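Values below: every heavy atom of this structure, side chains too, minus hydrogens, waters and symmetry copies. In this text, all values refer to a predicted model and were calculated from it rather than measured experimentally.
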Amino acid sequence: MGRVVVDVMPKPEILDPQGKAVAGALPRLGFAQFSSVRQGKRFELEVDGPVTEEILAAARAAGEQVLSNPVIEDVVAVYEDTDAEVAAR
């Protein structure tokens, strides 16, 4: 069994009120070293069998067509979660 991760983020020109709220709270909580925050989404897609290039391509297509809103979001990463095998053992 394999797992593919699809990360989706708001496009840079889109306002991110949740990220802005977190960025405002971090210094008050002692984390002043961070100057900005953007909040995105992470999807974990499990597959029966190994993760192949075809699976990754299908995951990217799903990310672009179903998991994200292409008007305001970008699919920024699609990769195999190699820790999934370790966690399943």
Exercise. Is there side-chain contact between Asp7 and Tyr79, with heavy atoms separated by less than 4.5 Å?
Worked result: yes
Exercise. Closest heavy-atom contact between Val78 and Ala59?
Worked result: CG1-CB, 3.9 Å
Exercise. Under a 4.5 Å side-chain heavy-atom rule over Ile, Leu, Val, Met, Phe, Trp and Tyr, are Ile72 and Leu15 clustered together?
Worked result: no
Exercise. Side chains of Val4 and Glu44: closer than 4.5 Å at any heavy-atom pair?
Worked result: no
Exercise. Under the 3.5 angstrom rule, does the side chain of Ser68 hit a backbone N or O of Val75 as a donor-acceptor pair?
Worked result: no
Exercise. Side chains of Pro70 and Glu64: does their closest heavy-atom pair fall under 4.5 Å?
Worked result: no
Problem set entry | Side-chain donor-acceptor pair present, Thr82, Glu80, cut-off under 3.5 Å | no
Problem set entry | Side chain to side chain, Met9 and Asp74, heavy atoms closer than 4.5 Å | no
For this session: Count the heavy atoms belonging to other residues, nucleotides or ligands that lie under 6.0 Å from CD of Glu46, then report whether that count exceeds 12.
Result: yes
Exercise. Should Val22 and Leu26 count as side-chain neighbours, where that means a heavy-atom distance under 4.5 Å?
Worked result: yes
Exercise. Any side-chain heavy atom of Met1 within less than 4.5 Å of one from Asp48?
Worked result: yes
Exercise. What distance separates Arg60 CZ from Ile55 CD1, expressed to the nearest 0.5 Å?
Worked result: 15.0 Å
For this session: Please round to the nearest 0.5 Å and tell me the distance separating atom CG of Leu45 and atom CG of Leu67.
Result: 6.0 Å
For this session: Would you kindly confirm whether Leu56 and Val6 end up in one hydrophobic cluster when ILVMFWY residues are joined by side chain heavy atoms under 4.5 Å apart?
Result: yes
Problem set entry | Carboxylate-amine/guanidinium proximity below 4.0 Å for Asp16 and Lys11 | no
Exercise. Where is the tightest heavy-atom contact between Pro10 and Gly40, given as atom of each residue plus distance?
Worked result: CD-CA, 4.3 Å
For this session: Mark yes when over 12 heavy atoms from residues, nucleotides or ligands other than Lys41 sit less than 6.0 Å from its NZ; otherwise mark no.
Result: yes
